[in-house]
Amino acid sequence: QVQLVESGGGSVQAGGSLRLSCTTSGYTFSRSCMGWFRQAPGKERETVATISPGLGFTYYADSVKGRFTISRDNAKKTLYLQMNSLKPEDTAMYYCARAEYVSGSVYCARSLDQYNFWGQGTQVTVSS
């Protein structure tokens, strides 16, 4: 049974930091694409960052580039998102998800519809 469980969300002031974790089980984490996504109230879910298996090539949305860092620990089957210099516009429910890795590709998929397993989400609230 595939499971993804996010943790680490909370309430912080603008400029603060949070580290999200996503613990996984039920599939081969080390061979899977992983991503962080977020959905603010009244808005569509959007891709925040992705990381490939193997060499760990990363992608970041422009809105978080330079502030957020995605990483993975294959031994622990855990995905992370270090979020620094948080802004009120980062307020959202944050989700981790898994996608198949396409052999030969460098980066993982960015489109949400390529991700077939999702966690339940963790809330991040940034106050000004």
Side-chain angles (χ1 to χ4, degrees):
Q1 181 180 2
V2 175
Q3 287 190 318
L4 296 86
V5 180
E6 302 93 338
S7 61
S11 297
V12 296
Q13 290 191 329
S17 298
L18 284 173
R19 188 194 195 203
L20 305 185
S21 298
C22 171
T23 57
T24 73
S25 62
Y27 67 96
T28 308
F29 178 83
S30 62
R31 297 180 183 176
S32 296
C33 283
M34 296 298 299
W36 285 100
F37 306 83
R38 67 185 182 186
Q39 186 166 19
K43 295 188 177 181
E44 293 186 352
R45 194 172 297 190
E46 63 177 358
T47 304
V48 174
T50 67
I51 185 167
S52 68
L55 296 180
F57 287 101
T58 57
Y59 159 80
Y60 296 95
D62 287 343
S63 58
V64 306
K65 204 172 292 182
R67 301 187 298 121
F68 291 11
T69 303
I70 188 172
S71 62
R72 61 193 299 161
D73 185 328
N74 289 336
K76 295 182 178 179
K77 300 181 181 180
T78 301
L79 179 73
Y80 302 100
L81 185 69
Q82 178 66 44
M83 305 186 296
N84 298 328
S85 301
L86 283 161
K87 303 175 180 181
E89 51 264 43
D90 294 318
T91 295
M93 185 72 78
Y94 283 72
Y95 301 88
C96 65
R98 177 261 182 193
E100 290 286 344
Y101 171 69
V102 177
S103 180
S105 60
V106 175
Y107 295 97
C108 287
R110 303 176 187 178
S111 175
L112 274 68
D113 60 8
Q114 298 299 306
Y115 287 78
N116 53 357
F117 293 106
W118 293 78
Q120 83 292 346
T122 186
Q123 179 68 39
V124 171
T125 302
V126 184
S127 58
S128 57

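For the single chain, residues carry numbers from 1 onward in sequence order.
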Which pair of heavy atoms, one from Y115 and one from M34, lies closest together, and at what distance? CE2-C, 4.1 Å
Whether the side chain of R72 engages the backbone of C33 through a donor-acceptor N/O pair (distance < 3.5 Å, no angle test) should be reported. no
Short side-chain to backbone donor-acceptor contact, T91 and V126, under 3.5 Å: yes
Separation between OG1 (T47) and CH2 (W36), nearest 0.5 Å, reads 13.5 Å
Would you check if the side chain of W118 reaches a backbone N or O of L4 as a donor-acceptor pair within less than 3.5 Å? no
Please list every donor-acceptor pair under 3.5 Å in which a side-chain atom of residues 62-69 meets a protein atom from a residue at least two apart or in another chain.
from, atom 1, to, atom 2, distance (Å)
D62, OD1, K65, NZ, 3.1
S63, OG, R38, NH2, 3.4
R67, NH1, S85, O, 2.9
R67, NH1, D90, OD2, 2.7
R67, NH2, S63, O, 2.8
R67, NH2, D90, OD1, 3.0
R67, NH2, D90, OD2, 3.4

Without placing hydrogens or testing angles, list every side-chain donor-acceptor pair under 3.5 Å for residues 101-111, not counting sequence neighbours.
from, atom 1, to, atom 2, distance (Å)
Y101, OH, S105, O, 2.5
S105, OG, V102, O, 2.5
S111, OG, D113, OD1, 2.5

Just list the side-chain donor-acceptor pairs under 3.5 Å for residues 14-27, sequence neighbours left out, or say none.
from, atom 1, to, atom 2, distance (Å)
S17, OG, N84, OD1, 2.9
T23, OG1, V5, O, 3.4
T24, OG1, K77, O, 2.8

Check whether Q39 reaches the backbone of A92 with its side chain - one donor and one acceptor, N or O, closer than 3.5 Å. no
Heavy atoms of A49 and Y60 approach each other most closely as CB-CD2, 3.7 Å
Quick one: do L81 and L79 end up in the same hydrophobic cluster if we chain Ile, Leu, Val, Met, Phe, Trp and Tyr together by side-chain heavy atoms under 4.5 Å apart? yes
Report yes or no: do V48 and L112 belong to one cluster of Ile/Leu/Val/Met/Phe/Trp/Tyr joined by side chain heavy-atom distances under 4.5 Å? no
Inter-residue atom distance I70.CD1 - Y59.OH, 0.5 Å rounding: 11.5 Å
Side chain to side chain donor-acceptor pair (under 3.5 Å) against R31, all qualifying residues, sequence neighbours excluded: none
In chain order, what residues pass the ring-ring contact (aromatic ring centres under 6.0 Å, His included) check against Y94, with sequence neighbours excluded? none
Atom CZ of F57 and atom CD1 of I51: how far apart are they, to the nearest 0.5 Å? 10.5 Å
For E100, side-chain contact (heavy atoms from CB on, under 4.5 Å) partners two or more places apart: R98
side-chain contact (heavy atoms from CB on, under 4.5 Å) partners of S30, counting only residues at least two apart: T28, N74
